[in-house]
Amino acid sequence: MRSGKAFSRISRQLAEFARNRRYYGLPYALRAFCGFLVSFFVRHVIRREPFSAVPDDVYASPAAERAEALPDTCYVERLAASVPPDAELVFYIHLIISLGDIVACEPVVRYLKARWQGAKVVWIVRKGYEAVLKCNPFIAEVRTVANLAESSALLASLDVAKGQVAVDLHFNGLRCPDTGFIHHNAVNPFITFETYLHCGNLLEAFSLCAGMEVPDEPPVFYLDPAVRVPQKLPERYVVFHCKSNMRIKDWTARKWNALALRLLRLGYTVVELGTERIIRTKSGRYVDCTDIADLQEIAAIISRAECFVGIDSGFAHIANCFGVKSVLIFGVYYHYSDYRIYSGGFGKGENCRIVFDHRYGSFRVRVKDVERAFIELIG
């Protein structure tokens, strides 16, 4: 019994090692090879998962060709057409996490409402994210769930004969962090964690997961009119978001503080958002807002910012919604060394400078390169 628990613990540690890539100092090729070996051992030796039968051309072909080669891009269209005429058409969007994914896929709602006028849209989301969707006038109901297992069960219970159409935006093989449940997307099983960023930006990739193609449009964040920004904020300020929910995306605290010091010396007011304070300064032009957890209030603060400086996170997607000038710090993300995730303005390079380290992680991006991008963008 003890040996079994120890074996399970080792399995989890190896999986965590594979996810977080705790060997940043190695050259990229060697780092990728080590990650492959660890992932292979965990998945196929310890967990004994079956080998994937994904064709090689799904990985090798360009994004446009791959989108055309996918087995089904009209699944939602056919499903909606099969709804009985006397039944009320209701679309159930299944995307419960994460913040950036939910914000990026907002155009899906408007597409469904425009394509099927009179239909209702219900968004299934994890508890804590409902604030992002509650003010969207195109959503009839925001239904909250505790985890991916609960939402997948809800999706399986839908009946097309009753007008209930599933729009599953989660890719195949997504593992629930709470229960270990693995979500299966039967519409397009070829899009997995290993391939989804090869299929275009997040809106394109997740739309293909559901079996449809949504036009590239900028996402919209609908603010609650009752929400007000804190009175302690000045009229002009720069927002810093220094820490994401994944270590692999983060910049170092030392570099964040060096950048903040330079901008403070230039006369800018720095407002920090997030769950953890990273900037350490006694300057009167620094405002700590890391105690704010309400997503509506955070969005309101970002919407008024002169500039947003951050990493790959949901807050950057909110900045894209409002067209806020942004400097973003990117790096290699697992096996993805070159990828794009934004639709709309940021996807076209408007009001945005992405400082990208294509060889290592974002932690290798230099402070002077971020400062230069900031000055070029702000002027």
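- In summary, R110 and E106 engage in a salt bridge, as defined by a charged side-chain N under 4.0 Å from a carboxylate O.
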Run V309 and S326 through side-chain contact (heavy atoms from CB on, under 4.5 Å) and show every step you take.
CA-CA 6 Å; V309 184; S326 300; over 6 Å; no
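- Taking both residues in full, the closest heavy atoms of G163 and A87 are given as N-CB, 4.0 Å, listed atom of the first, atom of the second, then distance.
- Residue-environment remark: NZ (K120) stays at or below the threshold of 12 foreign heavy atoms within 6.0 Å.
- Proximity of K134 to D224: side-chain heavy atoms (C-beta onward) are separated by under 4.5 Å at one or more points.
- A side chain to side chain contact (heavy atoms under 4.5 Å, CB included) with W256 is found for one member of L261, D250, V367, I279 and no other, namely I279.
- The two residues N172 and N188 make their nearest non-hydrogen contact at CB-O, 4.4 Å.
- A donor-acceptor pair under 3.5 Å is formed between the side chain of S151 and the backbone N or O of L148.
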Give the intermediate values and the outcome of salt bridge (Lys or Arg N to Asp or Glu O under 4.0 Å) for residues R340 and E204.
CA-CA 11 Å; R340 59 189 181 91; E204 293 172 324; 3.3 Å; yes
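- In this structure, I341 is not a member of the same hydrophobic cluster as I329, with clusters built from ILVMFWY side-chain heavy atoms closer than 4.5 Å.
- Counting heavy-atom neighbours within 6.0 Å of K232 NZ, excluding the residue itself, gives a total above 12.
- In plain terms, the two heavy atoms of V142 and V125 that are nearest each other are CG1-CG1, 3.6 Å.
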List the steps, then state whether side-chain contact (heavy atoms from CB on, under 4.5 Å) holds for M212 with V167.
CA-CA 9 Å; M212 61 182 180; V167 182; 3.5 Å; yes
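- When all heavy atoms of L203 and V108 are compared, the closest pair comes out as CD1-CG2, 3.8 Å.
- Distance check, rounded to the nearest 0.5 Å: CG of L259 to CG of L264 gives 9.0 Å.
- Using a 4.0 Å cut-off between charged nitrogen and carboxylate oxygen, R126 and D178 count as a salt-bridge pair.
- In summary, E350 and K325 do not engage in a salt bridge, as defined by a charged side-chain N under 4.0 Å from a carboxylate O.
- At least one donor-acceptor pair closer than 3.5 Å links the side chain of T179 to the backbone N or O of F181.
- Between Y339 and F356, the ring center distance clears the sub-6.0 Å criterion.
- We find the OH-CD1 distance between Y268 and I378 to be 6.0 Å, quoted to the nearest 0.5 Å.
- R254 CZ: 12 or fewer foreign heavy atoms inside a 6.0 Å radius.
- Between the CG atom in L99 and the CG atom in N245 there is a gap of 9.0 Å [rounded to 0.5 Å].
- Atom CZ of R353 sits about 12.5 Å away from atom CZ of F374, to the nearest 0.5 Å.
- The shortest distance between side-chain heavy atoms of C209 and N185 falls below 4.5 Å.
- A donor-acceptor pair under 3.5 Å is formed between the side chain of H241 and the backbone N or O of K243.
- The backbone N or O of L95 sits less than 3.5 Å from a side-chain atom of W123, completing a donor-acceptor pair.
- Atom CZ of R78 has more than 12 heavy atoms from other residues, nucleotides or ligands within 6.0 Å.
- A distance below 6.0 Å separates the ring centres of F91 and W116.
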Evaluate the criterion side-chain contact (heavy atoms from CB on, under 4.5 Å) for residue pair F138 and L112; output intermediate values, then yes/no.
CA-CA 9 Å; F138 300 104; L112 294 174; over 6 Å; no
Trace of the side-chain contact (heavy atoms from CB on, under 4.5 Å) decision for V165 with Y92:
CA-CA 6 Å; V165 176; Y92 287 79; over 6 Å; no
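- Side-chain contact between V355 and S362 is absent, with no heavy-atom pair separated by less than 4.5 Å.
- Note that R115 lies outside the cation-pi zone of Y111, set by a 6.0 Å cut-off to the ring centre and a 45° limit from the axis.
- For the atom pair CD1 of I124 and OG of S152, the computed distance is 9.0 Å after rounding to the nearest 0.5 Å.
- Checked by atom type, the side-chain pair Y237/E306 shows no donor-acceptor distance below 3.5 Å.
- In this structure, the side chain of H317 does not engage the main chain of V103 through any donor-acceptor pair within 3.5 Å.
- Closest approach of A299 and F221 over heavy atoms only: CB-CE2, 3.4 Å.
- For the pair Y333/I248, a side-chain contact is recorded, criterion being any heavy-atom separation below 4.5 Å from C-beta on.
- Inter-residue side-chain proximity for V239 and C307 is flagged as unmet; no heavy-atom pair is nearer than 4.5 Å.
- Residues F193 and Y334 bring their aromatic ring centres within 6.0 Å.
- Contact record, C105 with L169: CB-CD1, 4.0 Å, taken as the closest heavy-atom pair.
- Although no hydrogens or angles enter the test, the distance criterion places no donor-acceptor pair under 3.5 Å between the side chain of W251 and the main chain of C242.
- Remark: the backbone N or O of V160 is not paired with any side-chain donor or acceptor of Q164 at under 3.5 angstrom.
- Side chain of Y336 to main chain of T195: a donor-acceptor pair is present (N/O by atom type, distance under 3.5 Å, no hydrogens or angles).
- In this structure, R236 places its CZ atom where only 12 or fewer heavy-atom neighbours from other residues, nucleotides or ligands lie under 6.0 Å away.
- A side-chain donor from one of N201 and D216 sits under 3.5 Å from a side-chain acceptor of the other.
- Here the side chain of S82 pairs no donor or acceptor atom with the backbone of A80 at under 3.5 angstrom.
- In terms of modelled atom types and a separation under 3.5 Å, the side chain of D312 and the main chain of F330 share no donor-acceptor contact.
- A donor-acceptor pair shorter than 3.5 Å can be found between the side chains of H183 and D168.
- In this structure the side chain of L202 reaches within 4.5 angstrom of the side chain of Y196, judged on heavy atoms.
- Under a hydrophobic-cluster definition in which Ile, Leu, Val, Met, Phe, Trp and Tyr are linked whenever side-chain heavy atoms come within less than 4.5 Å, directly or via other members, L328 and V365 are assigned to different clusters.
- Summarising the geometry, atom OH belonging to Y129 is positioned 5.5 Å from atom OG belonging to S98; distances are rounded to the nearest 0.5 Å.
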